[in-house]
There are 2 protein chains.
Amino acid sequence: MVLKAQELFWEKGYNATSLSDLSTATGAGAGSLYNTFKGGKKELFKKSLQQRKEDLEGFKIKLANSDTPIELIKSFFISVATASKKSHLKGCIVANTIVEMTFIDEELENEAIEILKETEKLYTTTILAAQKKGNIKSKIPAPTLGKHLITLWCGINTLRRIYPDKEILKQQIELQLQLIN
Amino acid sequence: MVLKAQELFWEKGYNATSLSDLSTATGAGAGSLYNTFKGGKKELFKKSLQQRKEDLEGFKIKLANSDTPIELIKSFFISVATASKKSHLKGCIVANTIVEMTFIDEELENEAIEILKETEKLYTTTILAAQKKGNIKSKIPAPTLGKHLITLWCGINTLRRIYPDKEILKQQIELQLQLIN
DNA sequence: CTATTTTTGTATCGAATATTACAAAAATAA
DNA sequence: TTATTTTTGTAATATTCGATACAAAAATAG
């Protein structure tokens with residue numbers, strides 16, 4: 001149920017998604033939605049965000065089990081270029097929420113910010129380890145490179161709406177990943 | 001009147017800004033607003049976007065009158081870091097609109113995309129000229145570098161909401177501007 | 001089985017939304 | 001001045017919003 005709601009929120013954002021939309025998409029009546037998610041629409045949105053947090057935990061585990069986790073991160077970024085057109089247009093629900101919710105709902109904004117900061121932490125740790133192992137030659141401090149990947153992520157997630165084009169995106173992503181070498 | 005409306009739209013986005021908000025902010029009654037802007041709320045938003053287009057024209061002229069226009073572009077990016085906290089949180093109304101309006105209103109989305117593409121064109125032209133003049137040594141094709149600046153712009157405009165911090169932003173911007181050298 | 005609790009869908013609520021009708025007021029024209 | 005047009009603010013419009021009340025239905029317990 002949350003996944004169906006997440007898909008809608010991801011596409012249309014919080015404000016433009018009505019409870020009627022959610023009811024149709026999930027197949028549950030308004031009463032059921034409010035019984036299941038006591039906080040109503042907002043709670044349902046929170047759950048949709050937290051879902052991404054869990055996905056991040058899954059990625060964390062993958063990185064922990066990899067010999068060259070930094071390569072996993074790089075290929076994750078590169079794989080964005082070949083996503084579907086709809087994925088391009090949807091962008092990232094976390095980044096979208098930060099943009100939409102500033103000045104509107106501090107709690108939702110902060111939830112989204114927290115997720116990106118946690119992602120950044122994961123990147124930074126991985127980069128630092130790779131530098132020590134010699135898999136990254138760059139002497140740029142790991143925290144700087146970690147933030148750079150977040151900036152890249154946010155940038156690409158708008159660029160892919162302007163240019164939902166595999167070649168353009170691949171070019172831009174690889175250009176910026178050169179810093180992590 | 002448009003500027004007051006623009007300020008509100010810029011902060012809260014299209015959907016979260018009500019006509020009542022606009023009426024209060026501009027000091028004009030609903031009747032006046034609809035008489036002045038025949039398309040209602042949407043037309044007022046369009047005008048707010050077009051205002052940015054005119055600002056871009058102003059920047060174009062500045063570049064045309066400069067001996068080293070590429071330096072103007074660079075210092076524009078760097079100056080973003082030292083903006084006010086509110087400016088950081090507001091981000092860019094054009095980029096915000098692209099994020100908010102995909103799947104919601106194709107016309108507004110395309111208006112915003114057009115502005116960023118025109119900005120990109122301006123960057124690309126300037127970069128190409130600087131390469132020919134020897135002011136940029138990089139052999140990366142100008143169109144690629146132009147798109148890179150757009151990606152940087154969109155990325156920074158989300159990063160500055162997460163970190164409305166002068167030092168962090170300056171560091172990230174300068175890191176990415178190294179590609180334009 | 002029966003009794004009790006939980007879940008569901010519908011109908012409805014009040015509030016807020018964008019828009020319009022319209023009359024008073026202001027500006028302009030003659 | 002007087003006549004005409006334009007602009008303004010208020011009130012009312014229909015619609016949609018998120019949320020709730022509530023009774024039927026389903027699930028669970030004993």
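Numbers restart at 1 for each chain; the letters A, B, ... are given by sequence-line order, proteins then strands.
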### Message
Run the side-chain hydrogen bond (donor to acceptor under 3.5 Å, both in side chains) test on N15(B) and K12(A) for me, step by step, so that the C-alpha distance in whole Å, both residues' side-chain angles and the decisive distance to 0.1 Å come before the verdict.
### Response
CA-CA 11 Å; N15(B) 283 312; K12(A) 305 179 60 172; over 6 Å; no

Distance in angstrom units between [X] [atom1] and [N] [atom2], rounded:
| X | N | atom1 | atom2 | result |
| --- | --- | --- | --- | --- |
| F37(B) | dT8(D) | CZ | P | 10 Å |
| L33(A) | dC17(D) | CG | C1' | 15 Å |
| K38(A) | dT20(D) | NZ | C1' | 15 Å |
| E43(A) | dG18(D) | CD | P | 16 Å |
| F9(B) | dA18(C) | CZ | P | 9 Å |
| L19(B) | dT10(D) | CG | P | 14 Å |
| F45(B) | dA18(C) | CZ | P | 13 Å |
| K41(A) | dT16(D) | NZ | P | 15 Å |

### Task
Considering just the side-chain nitrogens and oxygens of S32(A), establish if one lies under 4.0 Å of OP1 or OP2 belonging to dT7(C).
no

### Task
For dT20(C), take OP1 and OP2 only and decide whether either is under 4.0 Å from a side-chain N or O of Y34(B).
no

### Message
Starting the side chain at C-beta, find the nucleotide from dT17(C), dG18(D), dT19(C) nearest to A30(B).
### Response
dT19(C)

### Message
Nearest to the side chain of N35(A), heavy atoms from C-beta on, is which of dG9(C), dT20(C), dT7(C)?
### Response
dT7(C)

#### Entry: Non-hydrogen side-chain atoms of Y163(B) and Q171(B) separated by less than 4.5 Å
no

### Task
Remember a base hit wins even if backbone is also touched, and classify T17(A) as base, sugar-phosphate or nothing at under 4.0 Å, heavy atoms.
sugar-phosphate

### Query
Has K90(B) got its NZ or CZ under 6.0 Å from the middle of the six-membered ring of F103(A), at an angle within 45 degrees of the ring axis?
no

#### Entry: Geometric cation-pi criterion, K47(B) with F37(B): 6.0 Å, 45°
no

